[in-house]
Peer 1: 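Dropping a structure here in structure tokens format, bear with me for questions.
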Amino acid sequence: MRNRVAVMHGVNLDMLDRRPAEHYGGLTFARLEQQIEHFARAIGLQPRFFQSNHEGEFVEELHNAPDFADGLLLNPGAWTHYAWSLRDAVELTGLPAVEVHLSDVKHREPWRAVSVLEDVCVATVAGQGAVGYREALERLKAAL
């Protein structure tokens, strides 16, 4: 059964409780991961969590992902909008990927509306807060 999911968070997500609550929901990062774990297990997925504020580390984790994951759930934070290295690394994995964002990035600052990942992801879920991760996991499960 293909059910192993690499849940990867990027830059500044570890500081979630210090980000504006109106965009990010006021959760701590630990609480977000707990909710994601609950959502994943409820639909038969096995999540593995990773977070880094260093782009190279994130890319290295993507390079290794096929060894431990069947799919990717990605919230790279601000890297979403300009880090072409992540886009290429996602493509190199050959794994289905879903991009997820807590805030509605398409309706914030214009630069946030750009995603360098969208053409290598099977879906994008944004603007639903932590609950959006449930939909993102369901979309990923359907692609596995």
Side-chain angles (χ1 to χ4, degrees), residues 1-90 93 95-118 120-144:
M1 177 180 217
R2 294 173 37 93
N3 68 345
R4 302 171 304 159
V5 176
V7 179
M8 299 180 62
H9 288 101
V11 64
N12 296 323
L13 269 292
D14 60 327
M15 296 284 110
L16 197 54
D17 58 323
R18 294 171 56 185
R19 308 291 306 271
E22 66 269 17
H23 295 301
Y24 300 100
L27 285 175
T28 65
F29 184 64
R31 182 68 183 126
L32 176 62
E33 284 191 332
Q34 290 169 353
Q35 288 186 8
I36 296 166
E37 173 119 21
H38 173 76
F39 297 151
R41 299 226 181 258
I43 61 171
L45 298 176
Q46 296 178 344
R48 173 181 166 151
F49 295 97
F50 175 81
Q51 189 280 326
S52 180
N53 291 315
H54 304 281
E55 186 176 338
E57 285 181 8
F58 201 91
V59 168
E60 290 292 333
E61 187 75 0
L62 285 167
H63 288 172
N64 295 321
D67 296 336
F68 56 77
D70 302 309
L72 306 170
L73 186 67
L74 306 170
N75 184 343
W79 291 329
T80 301
H81 316 296
Y82 65 87
W84 291 98
S85 61
L86 269 61
R87 184 246 177 254
D88 290 349
V90 170
T93 69
L95 299 174
V98 173
E99 178 184 348
V100 62
H101 299 282
L102 293 162
S103 69
D104 187 358
V105 291
K106 296 287 187 190
H107 294 99
R108 290 183 58 193
E109 302 90 343
W111 61 269
R112 290 187 196 269
V114 174
S115 170
V116 299
L117 300 173
E118 65 188 354
V120 293
C121 290
V122 297
T124 299
V125 177
Q128 298 179 33
V131 176
Y133 281 82
R134 180 176 18 213
E135 181 183 338
L137 287 161
E138 290 167 352
R139 302 279 297 270
L140 185 56
K141 182 177 181 178
L144 291 176

Peer 1: What is the minimum heavy-atom distance between Leu137 and Ala40, and which atoms define it?
Peer 2: CD1-N, 3.6 Å

Peer 1: Mind running side chain to side chain contact (heavy atoms under 4.5 Å, CB included) on Leu62 and Val90 for me, showing each step along the way?
Peer 2: CA-CA 6 Å; Leu62 285 167; Val90 170; 3.9 Å; yes

Peer 1: Once you round to the nearest 0.5 Å, how far does CG of Leu95 lie from CG of Leu73?
Peer 2: 12.5 Å

Peer 1: Ala69 and Val5: which non-hydrogen atoms are nearest, and at how many Å?
Peer 2: CB-C, 4.5 Å

Peer 1: Just how far is it from atom CD of Gln34 to atom CD of Glu37, taken to the nearest 0.5 Å?
Peer 2: 9.0 Å

Peer 1: Does atom NE2 of His63 have more than 12 heavy-atom neighbours, drawn from other residues, nucleotides or ligands, at distances under 6.0 Å?
Peer 2: yes

Peer 1: Once rounded to the nearest 0.5 Å, what's the spacing between atom CZ of Arg2 and atom CG of Leu45?
Peer 2: 11.5 Å

Peer 1: Decide yes or no for Ser85 and Glu55: does some side-chain heavy atom of the first lie under 4.5 Å from some side-chain heavy atom of the second?
Peer 2: yes

Peer 1: Which pair of heavy atoms, one from Leu117 and one from Leu86, lies closest together, and at what distance?
Peer 2: CD2-C, 4.0 Å

Peer 1: For the residue pair His9 and Phe50, establish whether any side-chain heavy-atom pair is separated by less than 4.5 Å.
Peer 2: no

Peer 1: Test of understanding: with ring pair (Phe, Tyr, Trp, His ring centres under 6.0 Å), list the residues that count as partners of His101, not counting sequence neighbours.
Peer 2: none

Peer 1: Measure the shortest side-chain to side-chain distance between Val116 and Tyr82 over non-hydrogen atoms and say whether it is less than 4.5 angstrom.
Peer 2: no

Peer 1: Quick one: do Met15 and Phe29 satisfy side chain to side chain contact (heavy atoms under 4.5 Å, CB included)? Show the steps, please.
Peer 2: CA-CA 7 Å; Met15 296 284 110; Phe29 184 64; over 6 Å; no

Peer 1: Between Asn53 and Gln51, do the side chains contain a donor N or O and an acceptor N or O under 3.5 Å apart?
Peer 2: yes

Peer 1: Do you know which two heavy atoms are closest between Val98 and Ala136, and how far apart they sit?
Peer 2: CG1-CB, 3.7 Å

Peer 1: Is a side-chain donor or acceptor of Lys141 paired with a backbone partner of Asn3 at a separation under 3.5 angstrom?
Peer 2: no

Peer 1: I'd like to check the side chain to side chain donor-acceptor pair (under 3.5 Å) partners of Glu33; sequence neighbours left out, ordered by chain and number.
Peer 2: none

Peer 1: Who are the side chain to side chain contact (heavy atoms under 4.5 Å, CB included) partners of Phe68, not counting sequence neighbours?
Peer 2: Ala6, Arg48, Glu61, Asn64, Ala65

Peer 1: Roughly how far, to the nearest 0.5 Å, is the NE2 atom of His54 from the CD atom of Glu60?
Peer 2: 13.5 Å

Peer 1: Between Val59 and Ala89, which heavy-atom pair has the shortest distance, and what is it?
Peer 2: CG1-CB, 4.0 Å

Peer 1: Should Asn75 and Leu13 be marked as a side chain to side chain contact (heavy atoms under 4.5 Å, CB included) after you check the CA-CA gap, both sets of side-chain angles, and the distance that decides it?
Peer 2: CA-CA 8 Å; Asn75 184 343; Leu13 269 292; 3.9 Å; yes

Peer 1: Which residue pairs pass the salt bridge (charged side-chain N to carboxylate O under 4.0 Å, His left out) test when at least one of the two sits in residues 123-140, sequence neighbours left out?
Peer 2: Glu135-Arg139

Peer 1: Enter the distance from Arg4:CZ to Leu72:CG here, rounded to the nearest 0.5 Å.
Peer 2: 11.0 Å

Peer 1: Closest approach of Ala130 and Leu102, non-hydrogen atoms and distance?
Peer 2: N-CD2, 3.5 Å

Peer 1: Among all residues two or more places apart in sequence or in another chain, which pass the ring pair (Phe, Tyr, Trp, His ring centres under 6.0 Å) test with Phe39?
Peer 2: none

Peer 1: Could you give me the CA-CA distance, side-chain angles and deciding distance for Thr80 and Glu99, then say whether side chain to side chain contact (heavy atoms under 4.5 Å, CB included) is met?
Peer 2: CA-CA 9 Å; Thr80 301; Glu99 178 184 348; 3.1 Å; yes

Peer 1: To the nearest 0.5 angstrom, please state how far the CD atom of Gln35 sits from the CG atom of Leu32.
Peer 2: 6.5 Å

Peer 1: Test of understanding: with side chain to side chain contact (heavy atoms under 4.5 Å, CB included), list the residues that count as partners of Ala143, not counting sequence neighbours.
Peer 2: Pro96, Val122

